[in-house]
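Take a look at the structure below.
Proteins get letters first, then strands, A, B, ... in listed order; numbering begins at 1 in each.
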There are 2 protein chains.
Amino acid sequence: MTFPAIEVSQTPESKFREYLATRPKPQRFTDQQRDLVKYIFSRHTHFDADQLLEDLKIAQLNISRATVYRTLSKLVDAGLLRRIELNGRMCYEHDYGYPQHDHLVCESCHKMIEFLTPELDEMLRQVSAQHQFQMTGHTLIIRGTCIECNRARGAKRKLDRI
Amino acid sequence: MTFPAIEVSQTPESKFREYLATRPKPQRFTDQQRDLVKYIFSRHTHFDADQLLEDLKIAQLNISRATVYRTLSKLVDAGLLRRIELNGRMCYEHDYGYPQHDHLVCESCHKMIEFLTPELDEMLRQVSAQHQFQMTGHTLIIRGTCIECNRARGAKRKLDRI
DNA sequence: ATTCTTGCAAAGCCTTTGCAACTGC
DNA sequence: GCAGTTGCAAAGGCTTTGCAAGAAT
């Protein structure tokens with residue numbers, strides 16, 4: 001993990017069960033949902049629906065595409081996952097037990113680097129206030145090239161010159 | 001316009017022609033492209049491909065969907081338009097002759113409000129430097145409710161209580 | 001004359017949805 | 001047993017693309 005986890009009193013599974021039970025229309029907790037929550041919270045990565053589906057297959061967990069999409073939505077609603085829009089597709093990351101942060105995204109290797117910015121919140125609040133805007137959330141992504149890809153590129157340029 | 005325009009020495013059309021001529025493989029400047037550039041720069045709005053297509057129809061300019069998409073891409077490459085990803089679709093706005101800024105997006109009426117933040121650039125630079133990250137651009141969107149929608153909502157709540 | 005662009009329709013990509021079978025409570 | 005969930009395949013929304021006809025240089 002990039003940052004120390006936040007202390008939480010419940011497991012992701014119990015938090016999810018609580019969410020399901022608490023909805024206006026109570027929802028059920030199924031085997032597929034249990035497996036998904038367990039799998040997703042067994043590692044700290046950014047992933048999209050497709051990657052997750054592949055990884056689940058490798059892990060011998062047979063859960064259909066439709067169920068994966070439906071469960072991801074519920075997990076976002078439940079506050080267990082955060083959704084990030086990136087290059088026209090949805091990316092997910094842990095929300096529960098993990099501090100709010102933003103991302104540097106490498107356009108070469110697509111790595112996501114997390115960063116914390118206490119000043120940013122203050123800035124967002126000020127801007128919103130100036131426009132009498134009721135902020136509910138924000139998205140900040142810094143695009144560019146990570147240090148590894150930059151080095152690789154530099155090395156390649158050197159080779160090209162020989 | 002929300003902000004004063006930047007002084008530019010060329011018209012959007014001539015800048016585009018220059019871009020087309022300067023590419024490794026020179027590209028042609030067609031009637032459809034001319035009409036599109038003229039139309040797009042005749043007003044300062046945020047728009048997506050679909051809205052543009054509708055507006056073009058109203059303006060009696062018959063340009064096919066494919067050509068609109070293809071030309072929008074070229075205009076982005078040429079530095080005439082900026083592309084903003086929003087709710088799974090692409091939005092466009094003037095780049096040439098207009099200062100770099102970020103957006104507040106109302107989730108109720110989908111209005112986009114532009115704002116300038118000198119401090120932000122410094123912050124982004126610092127974060128990038130800390131991670132030895134070569135920044136090429138960023139996206140910052142503040143989501144929430146604009147003042148008009150907030151008022152409307154308040155009014156509705158009042159009515160509901162009667 | 002050559003090569004690039006257009007317009008059409010078809011395909012692509014990611015995500016959502018209708019429906020019959022199934023399952024948690 | 002009833003209401004909500006699954007899996008499948010089909011549909012949806014937006015964008016891209018193959019190809020023949022047309023236009024720019």
- Please collect all side-chain hydrogen bond (donor to acceptor under 3.5 Å, both in side chains) contacts where either partner lies in residues 47-62 of chain A, sequence neighbours excluded, each pair once. A/R43-A/D55, A/D48-A/R89, A/D50-A/R65
- Task: Evaluate the side-chain proximity of B/Q33 to B/E13: yes if any heavy-atom separation is below 4.5 Å, no if none is.
- Result: no
- Message: Rounding to an integer number of Å, can you tell me how far A/L61 CG sits from D/dG7 P?
- Response: 11 Å
- Query: Starting at CD of B/E85 and ending at C1' of D/dC14, how long is that distance when rounded to a whole Å?
  - Reply: 12 Å
- Message: How many whole angstroms separate atom CG of A/L52 from atom C1' of C/dT15?
- Response: 14 Å
- Would you say the side-chain atoms of B/H101 and B/E93 include a donor-acceptor pair closer than 3.5 Å? yes
- Query: For A/L53 and C/dT15, what is the distance between atoms CG and P respectively, to the nearest whole Å?
  - Reply: 11 Å
- Message: Generate the contact string for nucleotides 15-25 of chain D. Rules: B means base contact, S means sugar-phosphate contact only, - means no protein heavy atom under 4.0 Å.
- Response: BBBB----BB-
- Message: Check the phosphate of D/dG7 against A/T67, side-chain N and O only, distance under 4.0 Å to OP1 or OP2. Yes or no?
- Response: yes
- When you check the gap from the basic side-chain N to the acidic O, do B/K74 and B/D77 get nearer than 4.0 Å? no
- Figure out the CD1/P separation between A/I84 and C/dT15, and round it to whole Å. 13 Å
- In whole angstroms, how far is the C1' atom of D/dA3 from the CG atom of A/L20? 15 Å
- Task: Quick one: label A/N62 by what it contacts on the DNA or RNA (base, sugar-phosphate, nothing), any heavy atom closer than 4.0 Å.
- Result: sugar-phosphate
- Message: Hydrogens and angles aside, do B/D102 and B/H138 bring a side-chain donor and acceptor to less than 3.5 Å of each other?
- Response: yes
- Item | Distance-only donor-acceptor check, side chains B/T136 and A/E107, under 3.5 Å | yes
- Message: Please tell me if A/Q33 has a side-chain N or O lying less than 4.0 Å from either OP1 or OP2 of C/dG24.
- Response: no
- Give a yes/no answer on whether the side chain of A/K74 brings an N or O atom under 4.0 Å of OP1 or OP2 in D/dT5. yes
- Query: Please give, in whole Å, the distance from C/dT6 P to B/L72 CG?
  - Reply: 12 Å
- Specify whether B/H46 and B/H103 have parallel, tilted or perpendicular ring planes, treating 30° as the upper limit for parallel and 60° as the lower limit for perpendicular. perpendicular
- Item | Side-chain donor-acceptor contact under 3.5 Å, B/Q130 with B/Q126 | no
- Item | Parallel, tilted or perpendicular: rings of A/Y19 and A/F16 (30°, 60°) | parallel
- Task: Estimate the overall bend of the helix from C/dA1-D/dT25 to C/dC25-D/dG1 from the end axes over five pairs each, rounded to 10 degrees.
- Result: 30°
- Report the distance from atom CZ of A/F16 to atom C1' of C/dG24, rounded to the nearest whole Å. 14 Å
